[in-house]
Every structure is written in structure tokens, then in C-alpha cells.
**Student:** 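Pasting a structure here, questions to come.
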Amino acid sequence: MEAALGLMRRMPPKHSETALSALLSLLPQNSSDLLSQVDQPLQVLCDTDSGKEFILCEYNRDADSYRSPWSSKYHPPLEDGTQPSSELRKLEIEANDIFAIYRDQYYEGGISSVYMWEDDNEGFVACFLIKKDGSKTAHGRRGYLEEGAWDAIHVIEVGPEEDGIAHYCLTSTVMLSLTTDDESSGTFSLSGSIRRQMNMDLSIAEGHLCNMGRMIEEMEGKLRNSLDQVYFGKTKEMVCTLRPPAEITQMRMPES
């Protein structure tokens, strides 16, 4: 099981679905653990009742159906599907409206969904999802890539309130994949994923959504910086070392 999870951590996101399917056939006894611990590129479905798209993941799945955050109905229909409490459902609706504004300001398009459910510790869990398609055929405002996707998964475990303080545990995963096909640079493909965790004890005077929003905003900033330094920075360093720009090559040429 540890070897399988290690393999999936090193697998490019665009190939993770194929790799996971192969591992499930090899390790059927660990299927539930693999499905719960391995993050896959997010898929999208349209809610026919609201006319809005929502994101599919393990956190809104029941059997083979997925619950929409807009209508709270399952697609395909499921009569006895799991539902959040009425109080948590109100918080979920508010979170979806606020997170859509956050997504539009930071990502300039894309799709977002928020799901909430009760846990066994008298608290609750919230899952914030963002999917941005940056390809030429995408619906976003900028599509400069031949293929490109950014999938962000933020899962926050909120503990029960004690003296006006609640414990928040945020686990964030970002999966990035992009492909360019330009005459000047040729075909270039880059993909990878990164996961980080944050724990904080915060006052709930301003509400859970304010606390969770600040944590997600701070975490996404750290993840973007890490991706920029690890993936883009190292790739640029390697390319410039192997294929230095023409002006640098000319400067290094010895005089005749």
C-alpha cells in the first residue's frame, strides 16, 4: 500500500487516472484506501435543475451519484443519498456564493464547488474545490496553452467550539498540467502536484467562513510560490543551462 501511494505521488496528474485504475485491479483489497487517499484530476458535471456546473470528487459522491452544491440533488438521482444538516446546508450555500467571487478574482474564470458534511467529533468538514481550464478552447478569459489545467482541493476539518475557539486543520492539494505547442519553442509538457497542511486555532467571532477563507488564501499563495520555484524555476534553470539563449552564447564565444 505504501509503495502504491508513493507511486501515485510521483505520477503526472494527467496519467493518474490510468495509473489508479491499474493499481485498483492489482490491489482490490485496498480499493477503498486508494480511492480516499489518492487525489485525481477533477471532473465536471452540469446540474440540470440550476443550469450550473459543479465539480465531482470523492467528497460529494454516494454510490455512483454526485451531489450538486447548487440544488443539493444527486446526479444521477439517488433517493437515500447523504445530505448535510439544514444548518450546515445554509453555510454550504453561503460558502459557494463567496468562493465563486474568490475564484473569479484570483483565477479569472473556472469552476468552483464547496461541500460540507458532519464528522464524528461534533464538528464538520468542508471541501473547497477549484478547476481552471487554461487551454485555447477553455471558457476562461485567458487560454494561451494548447492544454492546461489547474485543480485545487482544500479540505478543512473544523473541530467543536471551546470557549469561542475552534481548531482548523487544512489539507491542500494542487495538481497542475500544461502543454504548449509553439513554432518558436516547440512542444513542451509540464505537470505535477503538491500537497501541504496547516493547523490553526482561531476565534469564531467572525464566523467559520472568514477563518477558512483566510487559511485557503494564505495556503494558495504558498502553493503558487512553491510551484513557481520548484517546477517553473527549476525547469527554466535546466533549459537555460542546456540550451542557453543566443545572446549569452555569443558573449561566451572566444575572440578569434
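Numbers for residues simply follow the sequence, beginning at 1.
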**Student:** Is the closest side-chain heavy-atom distance between Leu202 and Met215 below 4.5 Å?
**Tutor:** yes
**Student:** Holding to side-chain hydrogen bond (donor to acceptor under 3.5 Å, both in side chains), I want the full list of residues that pass it with Asn225, two or more places apart in sequence or in another chain.
**Tutor:** none
**Student:** Which salt bridge (Lys or Arg N to Asp or Glu O under 4.0 Å) pairs, counting each pair once, include a residue from residues 65-76, with sequence neighbours left out?
**Tutor:** Asp49-Lys73, Arg67-Glu92
**Student:** Is a side-chain donor or acceptor of Ser25 paired with a backbone partner of Ala22 at a separation under 3.5 angstrom?
**Tutor:** yes
**Student:** Under the side-chain hydrogen bond (donor to acceptor under 3.5 Å, both in side chains) test, which residues partner Gln83, sequence neighbours left out?
**Tutor:** Ser72
**Student:** Any side-chain heavy atom of Leu129 within less than 4.5 Å of one from Cys57?
**Tutor:** yes
**Student:** Between Asp64 and Pro76, which heavy-atom pair has the shortest distance, and what is it?
**Tutor:** O-CD, 3.7 Å
**Student:** Could you verify whether a donor N or O on one side chain and an acceptor N or O on the other, from Asn199 and Tyr168, lie under 3.5 Å apart?
**Tutor:** no
**Student:** Between Val44 and Lys131, does the side-chain contact (heavy atoms from CB on, under 4.5 Å) criterion hold? Intermediate values first, please.
**Tutor:** CA-CA 9 Å; Val44 176; Lys131 184 175 184 64; 3.7 Å; yes
**Student:** Report the residues that fulfil salt bridge (Lys or Arg N to Asp or Glu O under 4.0 Å) with Asp201, sequence neighbours left out, ordered by chain and then residue number.
**Tutor:** none
**Student:** With sequence neighbours excluded, what pairs up with Phe128 under the ring-ring contact (aromatic ring centres under 6.0 Å, His included) test?
**Tutor:** Phe99
**Student:** Mind checking the CD1-CD spacing from Ile111 to Glu53? Nearest 0.5 Å is all I need.
**Tutor:** 4.0 Å
**Student:** With sequence neighbours left out, which residue pairs that include part of residues 152-170 fulfil the salt bridge (Lys or Arg N to Asp or Glu O under 4.0 Å) condition?
**Tutor:** none
**Student:** Quick one: are Met219 and Glu217 in side-chain contact, heavy atoms under 4.5 Å?
**Tutor:** no
**Student:** Considering only heavy atoms from C-beta outward, does the side chain of Tyr107 approach that of Glu220 to under 4.5 Å?
**Tutor:** yes
**Student:** Give me the atom names and distance for the closest heavy-atom approach of Gly81 to Asp62.
**Tutor:** CA-OD2, 3.5 Å
**Student:** Listing request: all side-chain hydrogen bond (donor to acceptor under 3.5 Å, both in side chains) pairs with a residue in residues 116-125, at least two apart in sequence or in separate chains.
**Tutor:** Ser85-Glu118
**Student:** Can you name the side-chain hydrogen bond (donor to acceptor under 3.5 Å, both in side chains) partners of Asp47, sequence neighbours left out?
**Tutor:** Ser50, Ser68, Ser71, His75
**Student:** Got a sec, which hydrophobics cluster with Ile165, joining ILVMFWY side chains under 4.5 Å apart, including via others?
**Tutor:** none
**Student:** Let me confirm one number: the CD1-CE distance from Ile156 to Met212, rounded to the nearest 0.5 Å.
**Tutor:** 5.5 Å
**Student:** Do other residues, nucleotides or ligands put more than 12 heavy atoms under 6.0 Å from Asp97 CG?
**Tutor:** yes
**Student:** Got a donor-acceptor contact below 3.5 angstrom from the Lys132 side chain to the Trp150 backbone?
**Tutor:** no
**Student:** In terms of side-chain geometry, is the basic nitrogen of Glu218 or Lys222 positioned less than 4.0 Å from the acidic oxygen of its partner?
**Tutor:** yes
**Student:** For residues Ile93 and Ile55: do they belong to one hydrophobic cluster (side chain heavy atoms under 4.5 Å, members Ile, Leu, Val, Met, Phe, Trp, Tyr)?
**Tutor:** no
**Student:** Is there side-chain contact between Asp151 and Val174, with at least one heavy-atom pair below 4.5 Å?
**Tutor:** no
**Student:** Check the pair Cys169 / Gln197 against side-chain contact (heavy atoms from CB on, under 4.5 Å), numbers first and verdict last.
**Tutor:** CA-CA 7 Å; Cys169 178; Gln197 192 173 80; 3.9 Å; yes
**Student:** Would you say the side-chain atoms of Asn60 and Tyr115 include a donor-acceptor pair closer than 3.5 Å?
**Tutor:** yes
**Student:** Trp70 ring centre to Lys52 NZ or CZ under 6.0 Å, with the angle to the axis within 45°?
**Tutor:** yes
**Student:** What is the distance from atom NZ of Lys90 to atom CE of Met116, rounded to the nearest 0.5 Å?
**Tutor:** 14.0 Å
**Student:** If we only count heavy atoms from C-beta on, is the Leu91 to Leu209 side-chain gap below 4.5 Å?
**Tutor:** yes
**Student:** Output the distance between atom CZ (Arg224) and atom CG (Leu176), rounded to the nearest 0.5 Å.
**Tutor:** 12.0 Å
**Student:** Check whether more than 12 heavy atoms from other residues, nucleotides or ligands sit under 6.0 Å from atom CD of Gln29, and answer yes or no.
**Tutor:** yes
**Student:** Taking the side chain as everything from C-beta on, heavy atoms only, tell me whether Leu170 gets closer than 4.5 Å to Val155.
**Tutor:** no
**Student:** Please identify each residue that fulfils side-chain hydrogen bond (donor to acceptor under 3.5 Å, both in side chains) with Glu94, with sequence neighbours left out.
**Tutor:** none
**Student:** What is the distance from atom CG of Leu56 to atom CG of Leu42, rounded to the nearest 0.5 Å?
**Tutor:** 8.5 Å
**Student:** Run through the side-chain heavy atoms of Ile, Leu, Val, Met, Phe, Trp and Tyr, join any pair under 4.5 Å, and report what else lands in Tyr74's cluster.
**Tutor:** Leu78
**Student:** Less than 4.5 Å apart, any side-chain heavy atom of Ile194 and any of Met175?
**Tutor:** no
**Student:** Is any NZ, NE, NH1 or NH2 atom of the basic residue among Arg61 and Glu58 found under 4.0 Å from an Asp or Glu carboxylate oxygen of the other?
**Tutor:** yes
**Student:** Can you measure from CE (Met200) to CG (Asn211) and round to the nearest 0.5 angstrom?
**Tutor:** 8.0 Å
**Student:** Applying salt bridge (Lys or Arg N to Asp or Glu O under 4.0 Å), name anything that partners Arg196, two or more places apart in sequence or on another chain.
**Tutor:** none
**Student:** Is it true that a side-chain atom of Asn96 and a backbone atom of Val114 form a donor plus acceptor pair closer than 3.5 Å?
**Tutor:** yes
